[in-house]
A.B. asks: 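One structure is given below, represented as structure tokens, and several questions about it will come after.
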Amino acid sequence: MIELENVAYGYGAKGDAPLLRDLSLTLAPGSFHFLTGPSGAGKTTFLKLCYGALKPTQGQLRLFGDDVAAMPRDGIALVRRRIGVVHQDCKFLDHLPVIDNIALPLTVSGQVMEDQQGNLDDLLTWVGLGARAHAFPPELSGGERQRAALARALILSPEVILADEPTGNVDWEMSQRLLHLLIALNGMGKTVMIATHDLMLIRAAKAQVQARVLRLSGGVLQAAGADL
Ligand code: ADP
Ligand code: ADP
């Protein structure tokens with residue numbers, strides 16, 4: 001689904017040492033990965049590469065078999081619909097109710113919200129926000145926001161879900177609830193990658209699902225130690 005071959009990425013000038021280098025990884029269909037590493041290590045940047053928001057400065061990145069370097073803009077847009085992203089700091093339009101915020105990707109991709117009402121309602125219920133559909137984003141708790149962000153990432157039925165610190169601002173019970181949703185999605189065959197520095201979360205997940213844990217540090221990607 002997502003294949004990186006000796007990928008490097010740097011925000012700076014060409015001569016500067018890149019932030020990320022020698023990244024080689026395949027996210028196979030149905031796999032479950034964690035991405036960990038200290039703050040500033042490049043986890044968000046790595047996820048941005050994985051959903052085509054950034055192009056490698058070196059190496060090859062293939063999304064669903066196609067090389068992103070050779071992909072036209074609309075090709076990237078199509079690929080992005082197959083990848084649901086849960087952003088760390090999920091941005092909602094505060095003047096629109098939760099249900100409309102979750103439906104935004106539908107509207108943007110030209111689908112009529114009324115045609116999808118059943119799916120929307122099911123999705124809201126599934127993430128436990130059925131009763132909050134008409135609330136406005138500023139009224140949501142941290143856990144509700146994160147579940148709304150997950151629902152929005154799922155609305156186009158993506159094959160891959162990339163989540164950036166999905167449990168960053170929520171308590172343990174809520175983080176377990178989010179984890180269960182992500183594990184359930186993986187059980188439905190979806191490919192999942194979660195960037196987190198929450199080692200407790202990773203341990204809890206490993207007791208429930210076969211997950212590979214990768215660590216970004218010093219610009220390179222390694223398998224995490226067995227102590228995890
Ligand atoms: P993490 O998610 O692991 O905390 P990030 O990928 O957010 O790491 O950031 C890695 C480094 O890249 C940080 O030093 C950050 O300041 C820098 N960085 C992130 N985005 C940009 C950008 N758009 N331009 C320049 N530097 C950036
Ligand atoms: P996150 O917390 O999701 O890693 P940040 O708060 O670090 O995101 O960054 C928010 C936005 O600012 C992102 O689009 C990121 O790419 C950008 N950014 C982060 N660090 C820098 C930087 N040093 N210079 C320029 N842009 C940056």
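Whatever order the structure lists them in is the order used to number ligands and atoms, beginning at 1. Because only heavy atoms are used, hydrogens play no part in the values below, and waters and symmetry mates are left out as well, while side chains stay in.
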A.B. asks: Can you confirm whether the side chains of D67 and Q60 place a donor and an acceptor under 3.5 Å from each other?
C.D. replies: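 Their side chains do contain a donor-acceptor pair, which is all the 3.5 Å distance test asks for.
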A.B. asks: Is ligand 1 less than 4.0 angstrom away from at least one heavy atom of G12?
C.D. replies: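 G12: no contact with ligand 1 (<4.0 Å).
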A.B. asks: Which atoms from ligand 1 have a heavy atom of P38 less than 4.0 Å away?
C.D. replies: 3 (O)
A.B. asks: So between T44, L216, L49, whose heavy atom ends up nearest atom 2 (O) of ligand 1?
C.D. replies: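 Minimum heavy-atom distance to atom 2 (O) of ligand 1 goes to T44.
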A.B. asks: For residues 23-43, pull every pair meeting ring pair (Phe, Tyr, Trp, His ring centres under 6.0 Å), keeping only residues two or more places apart or in separate chains.
C.D. replies: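 Checked against ring pair (Phe, Tyr, Trp, His ring centres under 6.0 Å) - neighbours excluded - the pairs reaching residues 23-43 are F32-F34.
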A.B. asks: Ignoring hydrogens and geometry, is there a side-chain-to-backbone donor-acceptor pair from D164 to V86 under 3.5 Å?
C.D. replies: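 No.
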A.B. asks: Just distances here: any N/O of G42 and N/O of ligand 1 closer than 3.5 Å?
C.D. replies: yes
A.B. asks: Using the side-chain contact (heavy atoms from CB on, under 4.5 Å) criterion, which residues pair with D66? Sequence neighbours excluded.
C.D. replies: M71
